[in-house]
Amino acid sequence: MALGRSVDLSVPSLPPRFEPKAFEARWQDAWERAHAFRAPERPGGVRFSLVLPPPNVTGVLHLGHMLGDTVMDVLARQHRMQGAATLWVPGLDHAGLATQVEVRRRLARQGARAEEMPREELLAEIERWRAEHEARIREQTRAGGFSVDWDRYRYTLDAASVRATREAFVALYRQGLVYRGERMVNWDPRLRTAVSDLEVNAVEEETSLVFVRYPWADAGLGGIEVATVRPETIFGDVAVAVHPDDARYSDAIGRFVIVPLCHRRVPVIPDRAVDPTFGAGALKITPRHDPVDREIAGRHPDLAEPTEIFDEEARLTGPWVPAPFRGLDRDTARAKVIDALARDDLLVRAEPYRHTIGRSDRSDAVIEPRISRQWFVRMAPLAEPVLAAVRAGEIRLHPARWTASFFRWMEGIQDWCISRQIVWGHPIPVATCRACGRDTVTVEPPTACAHCGSRDLVADPDVLDTWFTSWLWPFAALGWPEPTALLDRYYPTSVLVTARDIMFFWVARMMMSGYRFTGQRPFADVYFTGMVLDAEARRMSKHLGNSPDPLDVIAERGADALRFALVFPNPTSEDGPFGTSSLDSARNFLTKLWNLVRFTLPHVPAGTAPVLGPPRLPATAALEDRWILSRSRRTAEAVGTALGEFEPTGAASALYQFVWHDLADRYVEIAKESLSGRRGEIAARSSRATLLFVVDRTLRWLHPFVPHITEELWHALPHDGDLLATAAWPPADEAPADPVAEVEMETVLEAVRLLRNLRAEERIPIPATPSAWIRPAGPEVARVLDRERATVGRLTRVGSLELLPAEAPAPSGAASRVAVLGECYVERPAKGPVTLEALTREREKLSGLLEKARARLADPGFRARAPPDVVRETEEKAREIAERIGRIDEHLSPDAAQGASS
RNA sequence: GGGCGCGUAGUCUAGUGGUUAUGACGUCACCCUGACACGGUGAAGGUCGCCAGUUCGAAUCUGGCCGCGCCCA
């Protein structure tokens with residue numbers, strides 16, 4: 001069969017199937033060999049920089065990391081292609097407490113007890129853990145194709161981080177913003193360390209509210225009834241408090257009661273903090289083990305000095321605890337106390353009660369409020385400049401709706417407990433002198449006391465909260481406090497991308513440290529990604545086992561498919577499901593792209609020059625060529641706008657629409673005719689150049705999202721330069737916008753859709769080539785359809801397509817549709833009854849619209865108040881609809897018309 | 001208990017005062033047409049959570065209610 005092809009279709013140089021394994025690792029190697037992502041040390045001009053939130057060495061990367069990394073890579077690659085000197089610093093967080101907990105668990109599984117290990121041995125074990133996980137995390141990051149600068153890799157425990165951490169601590173200490181205090185902290189009795197407020201989760205739990213009678217000290221009968229959920233703390237009581245206005249207790253204030261079981265005499269005191277409606281309205285006061293009690297006790301200085309009743313593992317201890325209860329843990333103690341109270345006839349009753357308790361984020365142990373000597377950072381002075389900066393728009397949060405909760409937390413900020421009683425982390429840079437008892441706090445570890453010169457120094461045994469290093473990251477990762485070139489050229493960083501759940505842990509604190517230590521914002525924009533959920537919308541967790549290892553997904557589907565599935569179709573800023581269906585969609589899309597280039601290749605003769613700019617089309621150029629260039633420009637604009645507004649999903653979706661529907665479904669299908677040479681060499685050349693240009697641009701725009709496949713395909717086409725990764729990002733206004741071509745193509749596509757619709761409804765089989773007619777609604781439509789008649793005919797597979805003059809009668813026996821562009825007819829193969837269903841349905845829909853439009857026009861208020869052009873538009877719409885209804889009525893038989901209008 | 005946010009086709013989603021409410025996945029029908037069945041074409045599917053109000057006009061603004069989620073206590 002002579003098709004008149006001018007090119008050879010039989011030798012595709014790309015394999016027919018897209019196989020990511022065949023090329024993804026190859027391009028990763030190529031990028032690395034070329035140092036494509038190495039940021040210049042001292043660039044001039046535009047710069048773009050960001051730090052990768054250093055993943056915790058606790059585990060390996062999960063899909064949430066992949067989502068964040070993909071968003072960052074999209075931004076980094078786009079800016080790199082746009083010519084910005086781009087620095088993306090990767091790193092690793094030692095994650096102090098979290099890691100120590102994980103290692104402890106592993107040791108426990110192996111039958112060892114971390115608590116009994118010498119410090120050095122435990123540290124060595126943690127180091128082993130770090131090495132294993134670090135290697136795995138690097139492998140995962142590399143396999144994702146993320147364009148980080150590996151030469152700038154940093155670790156939160158490396159020498160430079162040690163320096164930065166000590167520097168920050170010492171500076172704050174000297175400014176009076178770091179202090180040591182004996183305060184009530186959140187104590188984790190399982191891990192035997194203090195934790196910060198943020199590391200405590202409020203959990204609702206079912207417990208029982210116990211009513212205990214405290215007998216009068218001076219009289220044998222009665223007493224005061226106290227309600228408590230923690231009867232085991234009874235040993236620490238120093239008072240019973242009641243509300244001063246509570247009539248029930250007006251006589252009790254000033255009297256004494258006996259604390260059950262330990263028989264101490266304590267006073268009844270008045271305090272407004274007592275809620276008279278809770279329980280019996282009397283509160284037992286245990287100042288060392290409850291923050292509210294401590295506050296109340298503070299207002300009553302005449303109370304006995306309380307002693308501690310729990311040790312560091314929350315076992316009963318101390319002089320106030322009677323022998324039978326000493327050494328018991330909290331739960332056992334509670335049960336025994338209740339038993340003993342019942343025996344002494346002091347237990348009034350116990351009722352089920354639901355309340356919220358604090359559990360440690362790391363160990364899940366119930367937090368014990370405990371007074372201990374710890375280091376704190378005074379936060380309010382640090383928060384001030386941040387609040388001002390965010391209010392002034394100097395730092396922007398995306399999506400902006402999180403700004404409100406950010407402010408609320410910042411405005412009520414509490415001091416930060418930064419000391420941890422663990423081994424894994426930065427030692428607190430404080431040495432205490434045994435001779436004079438004073439502290440020496442210096443960046444370089446001291447050899448002698450700064451105050452008395454004694455060499456008898458004891459280093460603080462604790463380490464710093466891991467976040468005390470992370471909060472310095474945007475500048476510490478660039479070399480701070482050294483005045484490095486990186487710091488000079490790339491700080492402040494451009495953007496921070498992270499998950500919302502560490503907004504307070506990390507983001508807010510980085511802003512505070514940034515202004516404090518560098519006097520500048522650490523980043524201009526913050527983008528919060530959502531959480532990756534599984535197909536049943538559950539949060540991914542180790543416990544559920546529903547979080548796949550990214551490496552497995554990449555091995556099976558490829559990094560590009562994974563990346564695309566994470567940004568499309570669900571918005572990256574919302575919590576969204578991830579599953580095989582999104583992976584399938586991503587793979588299908590990539591296959592489409594692959595085949596699009598396979599289709600393009602044969603139309604690129606050997607020796608074709610790389611694309612420089614849009615083809616200069618002759619005045620007589622085909623409509624489809626002008627149209628796709630215009631569409632490509634709109635797409636470039638949409639992609640640029642979306643990425644500028646931190647909407648990667650919007651950009652991905654614009655590209656998806658363009659590639660699949662505009663380029664593959666419409667342009668390629670229409671242009672096949674001219675590409676084949678059947679319309680002559682000039683038309684063929686024009687379409688070839690157009691196709692090659694648009695495909696080249698598409699690959700560039702898609703590259704930040706799916707870097708491997710685009711790199712592979714770009715190399716299969718004529719290209720300029722070694723790597724797409726470092727090729728130029730074309731300006732959005734490169735191709736001409738052509739509104740005329742867009743309108744005309746709409747007409748063509750509408751005609752095609754109508755005729756196809758008719759065929760499908762009339763069940764005219766594909767091999768049949770019926771005659772078709774269109775009676776255009778106006779001269780403009782007539783002109784376009786006349787010119788593009790061949791295209792319409794080919795896409796609808798009709799035998800002949802004729803344009804009818806306005807007054808011509810309808811072809812007899814043909815199926816018909818009435819549309820805005822005119823009336824379409826398709827010859828029906830068998831002479832059965834004409835199907836009028838579609839026309840009737842259309843008429844019903846139109847009369848509904850017409851009614852609405854007329855009602856509006858009839859409203860005098862509308863004419864008086866609506867803007868004139870809205871009134872005019874509505875009038876025009878009503879006229880057009882009425883006219884179409886009239887034309888439909890001509891086609892409907894009298895009874896059908898009646899049926900439709902009833 | 002306080003605060004914030006969200007309710008749009010079976011599922012996810014776009015849309016901040018006037019469009020015949022966007023797109024994806026899924027569903028149904030026909031089709032292996034010379035890049036692609038991981039495909040093509042066509043279709044069905046929504047009283048934009050409910051109730052009031054503001055307005056000439058409300059998915060969009062306001063209030064209340066219902067449901068869901070998150071954060072803080």
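First the proteins, then the strands, lettered A, B, ... as listed; each starts at 1. The figures that follow rest on heavy atoms only: side chains count, while hydrogens, waters and symmetry mates do not.
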Asker: Can you list, pair by pair, the side-chain donor-acceptor contacts under 3.5 Å of residues 876-886 of chain A, counting residues two or more places apart and other chains?
Answerer:
| residue | atom | partner | partner atom | Å |
| --- | --- | --- | --- | --- |
| Glu883(A) | OE2 | Arg887(A) | NE | 3.4 |
| Arg884(A) | NH2 | Glu842(A) | OE2 | 2.7 |

Asker: Which atom pairs, one a donor and one an acceptor, fall under 3.5 Å between side chains of residues 745-754 of chain A and the rest of the protein, sequence neighbours left out?
Answerer:
| residue | atom | partner | partner atom | Å |
| --- | --- | --- | --- | --- |
| Thr747(A) | OG1 | Val743(A) | O | 3.3 |
| Glu750(A) | OE1 | Arg753(A) | NE | 3.4 |
| Glu750(A) | OE2 | Arg753(A) | NH2 | 3.4 |

Asker: Taking atom P in both C61(B) and C25(B), what distance in whole Å separates the two?
Answerer: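 It works out to 30 Å between them.
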Asker: Need one value for Val597(A): base, sugar-phosphate or nothing, where a base atom within 4.0 Å counts as base even if backbone is also close, heavy atoms only.
Answerer: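 If one applies the 4.0 Å heavy-atom cut-off, Val597(A) turns out to touch nothing in the nucleic acid.
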Asker: Looking for any heavy atom pair under 4.0 Å, which part of the strands does Thr874(A) touch: base, sugar-phosphate only, or nothing?
Answerer: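 The answer is nothing, as Thr874(A) stays clear of every strand by at least 4.0 Å.
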Asker: I'd like to check the ring-ring contact (aromatic ring centres under 6.0 Å, His included) partners of His243(A); sequence neighbours left out, ordered by chain and number.
Answerer: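 His243(A): no ring-ring contact (aromatic ring centres under 6.0 Å, His included) contacts found.
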Asker: Side-chain N or O of Arg500(A) versus OP1/OP2 of C71(B): is the shortest distance under 4.0 Å?
Answerer: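 Answer no for this pair, as no side-chain N or O of Arg500(A) is under 4.0 Å from OP1 or OP2.
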Asker: Apply side-chain contact (heavy atoms from CB on, under 4.5 Å) to Arg587(A) and list each qualifying residue two or more places apart in sequence or on a separate chain.
Answerer: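 Arg587(A): side-chain contact (heavy atoms from CB on, under 4.5 Å) contacts with Phe18(A), Arg557(A), Asp584(A), Thr591(A).
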Asker: Taking the side chain of Asp859(A) as heavy atoms from C-beta outward, which of A43(B), U33(B), C56(B) is closest to it?
Answerer: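 Within the option list, the nearest is C56(B).
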Asker: Report, as a single string ordered 5' to 3', how protein heavy atoms within less than 4.0 Å touch nucleotides 11-25 of chain B: B base, S sugar-phosphate only, - not at all.
Answerer: -SS----BSB--SSS
Asker: Counting only side-chain nitrogens and oxygens, does Asn757(A) get under 4.0 Å of the OP1 or OP2 atom of U41(B)?
Answerer: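 No, outside the criterion.
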Asker: Residues two or more places apart in sequence or in another chain: which of them pass side chain to side chain donor-acceptor pair (under 3.5 Å) with Ser196(A)?
Answerer: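 In terms of side chain to side chain donor-acceptor pair (under 3.5 Å), with neighbours along the sequence ignored, Ser196(A) is linked to Glu199(A).
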